[in-house]
S.K.: 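Input: one structure, supplied below.
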There are 2 protein chains.
Amino acid sequence: MKDNNATYVLLGLLSHNPMTGYDIKKAVATRMSYFWDLSYGQIYPTLKQLEKNKLITKQVKNNPNGPTRKVYTITEAGIKELQAWLTKPAKKEVHKYEFLLKLIFGDQAPPELNQKHIEEFKERNQKILQTMNAFEENLKPILNQSESHYYVLLTILLGKSISKASVEWADNTLKIFQEHKLGGEKL
Amino acid sequence: MKDNNATYVLLGLLSHNPMTGYDIKKAVATRMSYFWDLSYGQIYPTLKQLEKNKLITKQVKNNPNGPTRKVYTITEAGIKELQAWLTKPAKKEVHKYEFLLKLIFGDQAPPELNQKHIEEFKERNQKILQTMNAFEENLKPILNQSESHYYVLLTILLGKSISKASVEWADNTLKIFQEHKLGGEKL
DNA sequence: AAAGCCATGTAACCAGTTACATGATTCT
DNA sequence: AGAATCATGTAACTGGTTACATGGCTTT
């Protein structure tokens with residue numbers, strides 16, 4: 001049994017609801033969009049492997065409009081596996097900020113270009129903030145329906161804080177760029 | 001010529017100073033620690049390939065105390081390649097928060113465990129904050145020595161803002177956990 | 001004496017992306 | 001009519017990690 005994170009994302013999601021691979025993709029792309037990602041190239045093979053290890057079971061449902069849906073349900077053994085993983089300390093966060101890679105070598109580029117990278121970073125974060133706010137609004141009215149919603153909310157709140165801090169940094173930095181430009185000097 | 005990011009990290013660093021593979025590893029681990037990482041398994045093969053493509057040149061320096069140092073210097077063609085890459089828009093940021101993956105499935109675990117994950121996240125971010133503050137202090141006195149230092153500073157400031165926001169989120173979240181525990185209810 | 005740093009590198013592996021293939025239904 | 005969504009999946013590739021190998025010097 002492989003113990004990569006993809007495995008536990010699937011087990012975790014299936015611990016809430018039986019789902020198809022397609023559903024899982026969508027669930028990750030929405031409620032985990034800020035901090036995780038999974039492609040079909042990971043999902044389908046992992047589902048197959050989890051089934052083989054009896055951590056999930058499959059029900060093939062005939063679908064009149066479209067291909068047959070394969071709905072997966074977590075087993076007792078699957079729940080145990082998930083819970084065991086939860087007790088292990090989390091690895092440290094991994095970040096890849098390609099734009100910072102470009103900015104840190106900014107002395108090799110015209111200031112306008114550096115500014116453009118910062119502006120685009122700002123826009124990406126504003127978009128994330130909007131998405132997170134929308135999730136939060138959707139979540140609020142159903143918060144009492146399931147304990148799991150509280151935990152989803154917590155992850156959204158972190159996404160919001162970080163995006164907000166990122167937008168603020170971008171604003172401050174752009175201001176500095178602007179001041180130096182007005183003065184006619186190089187940064 | 002491959003155009004993965006490792007290539008441009010090396011070109012960028014070498015655009016500031018001639019360096020060995022070992023130096024590059026250390027430079028990434030310090031000034032880029034917040035937003036990038038490279039292993040020797042990427043560095044040495046990439047250096048070889050960059051040399052073959054004449055974007056960098058190698059000087060073998062005999063080293064009395066230890067193995068021979070291979071110092072790499074960027075060429076004109078290398079600078080051009082770097083600058084061309086800088087003009088391309090940056091890909092969006094990639095984040096992996098394994099602890100959020102554990103937290104989002106927190107309904108499958110005892111509250112103390114979720115709390116522990118948050119506390120460890122907080123500690124990681126406090127450590128980063130300390131490191132960033134130390135970098136900032138080291139940078140301040142030499143800020144005028146080279147334009148590139150300003151750009152390094154900007155990346156440090158973003159790292160600081162995000163870590164600060166993360167610590168604050170952790171504090172707020174832990175407070176909520178504490179309140180619910182005192183009240184005897186489940187979260 | 002042992003741990004850690006300096007300094008090189010490779011091979012095997014694991015993680016993750018992308019492009020492709022298929023095809024019906026539903027929305028604009 | 002065309003685009004998007006539903007729904008499955010694989011193969012080839014790229015990116016990145018880890019473990020190993022080597023060995024002297026320096027610090028505790």
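Just so it is clear: chains get the letters A, B, ... in the order the sequence lines come, proteins before strands, and each one is counted from 1. Note: hydrogens, waters and symmetry copies are ignored here, and every other heavy atom, side chains too, is used.
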S.K.: Tell me whether the OP1 or OP2 atom of D/dA7 has a side-chain N or O from A/Thr68 closer than 4.0 Å.
M.R.: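 Checking A/Thr68 against D/dA7: no side-chain N or O falls below 4.0 Å of OP1 or OP2.
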S.K.: Look at atom NZ of B/Lys2 and say whether more than 12 heavy atoms of other residues, nucleotides or ligands are closer to it than 6.0 Å.
M.R.: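 No, the 6.0 Å shell around NZ holds no more than 12 heavy atoms from other groups.
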S.K.: For B/Tyr40, does the six-membered ring have the charged nitrogen or CZ of B/Lys25 within the cation-pi criterion, i.e. under 6.0 angstrom from the centroid and within 45° of the normal?
M.R.: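 Yes, a cation-pi geometry.
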S.K.: When the C1' atoms of the five terminal pairs at each end define the local axes, what inter-axis angle does the helix from C/dA1-D/dT28 to C/dT28-D/dA1 show, to 10 degrees?
M.R.: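 The helix from C/dA1-D/dT28 to C/dT28-D/dA1 shows an end-to-end axis angle of 60°.
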S.K.: Is the distance between the ring centroids of A/Tyr97 and B/His95 less than 6.0 Å?
M.R.: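 Yes - the distance between ring centres of A/Tyr97 and B/His95 falls below the 6.0 Å cut-off.
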S.K.: Distance from B/Leu153 atom CG to A/Ile176 atom CD1, nearest 0.5 Å?
M.R.: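 It comes to 8.0 Å.
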S.K.: Just verifying a value: how many Å separate A/Glu98 CD and B/Tyr8 OH, rounded to the nearest 0.5 Å?
M.R.: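 If I round to the nearest 0.5 Å, the distance is 10.0 Å.
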S.K.: For B/Asn62 and D/dG24, what is the distance between atoms CG and C1' respectively, to the nearest whole Å?
M.R.: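 Rounded to whole Å, this separation is 14 Å.
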S.K.: Would you mind reading off the distance between A/Asp23 atom CG and D/dT8 atom C1', rounded to a whole angstrom?
M.R.: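 Rounded to the whole Å, the gap is 12 Å.
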S.K.: Could you state the CD-P distance from B/Gln49 to D/dG15, rounded to the nearest angstrom?
M.R.: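 Nearest whole value for this atom pair: 10 Å.
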S.K.: Using OP1 and OP2 only, check whether a side-chain N or O of A/Lys96 sits under 4.0 Å from D/dG16.
M.R.: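 For D/dG16, OP1/OP2 do have a side-chain N/O of A/Lys96 under 4.0 Å.
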S.K.: Quick one: which residue pairs count as a ring pair (Phe, Tyr, Trp, His ring centres under 6.0 Å) with a foot in residues 48-77 of chain A, not counting sequence neighbours?
M.R.: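 Listed once each, the pairs would be none.
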S.K.: Please identify the 5'-most and 3'-most nucleotides of DNA chain C with any atom under 4.0 angstrom from a heavy atom of chain A.
M.R.: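 In short, chain A contacts DNA chain C from C/dA15 to C/dT26.
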S.K.: Of A/Arg69 and A/Lys48, whose closest DNA chain D nucleotide lies nearer the 5' terminus?
M.R.: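 Of the two residues, A/Arg69 wins.
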S.K.: Please check the phosphate of D/dG15 (OP1 and OP2 only) for any side-chain N or O of B/Asn4 closer than 4.0 Å.
M.R.: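 Indeed, a polar side-chain atom of B/Asn4 lies that close.
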S.K.: Of B/Leu47 and A/Gly41, whose nearest nucleotide on DNA chain C comes first from the 5' end?
M.R.: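 With B/Leu47 and A/Gly41 compared, the 5'-side residue is B/Leu47.
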S.K.: Which is true for B/Lys26 with a 4.0 Å heavy-atom rule: it touches a base, it touches only sugar-phosphate, or it touches nothing?
M.R.: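 Touches sugar-phosphate only.
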S.K.: Checking B/His16 against A/Asp107: is there a side-chain donor and acceptor pair closer than 3.5 Å?
M.R.: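 Yes - a donor-acceptor pair under 3.5 Å links their side chains.
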S.K.: Check whether the side chains of B/Gln59 and B/Thr73 place a donor and an acceptor atom closer than 3.5 Å, and report yes or no.
M.R.: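 Their side chains do contain a donor-acceptor pair, which is all the 3.5 Å distance test asks for.
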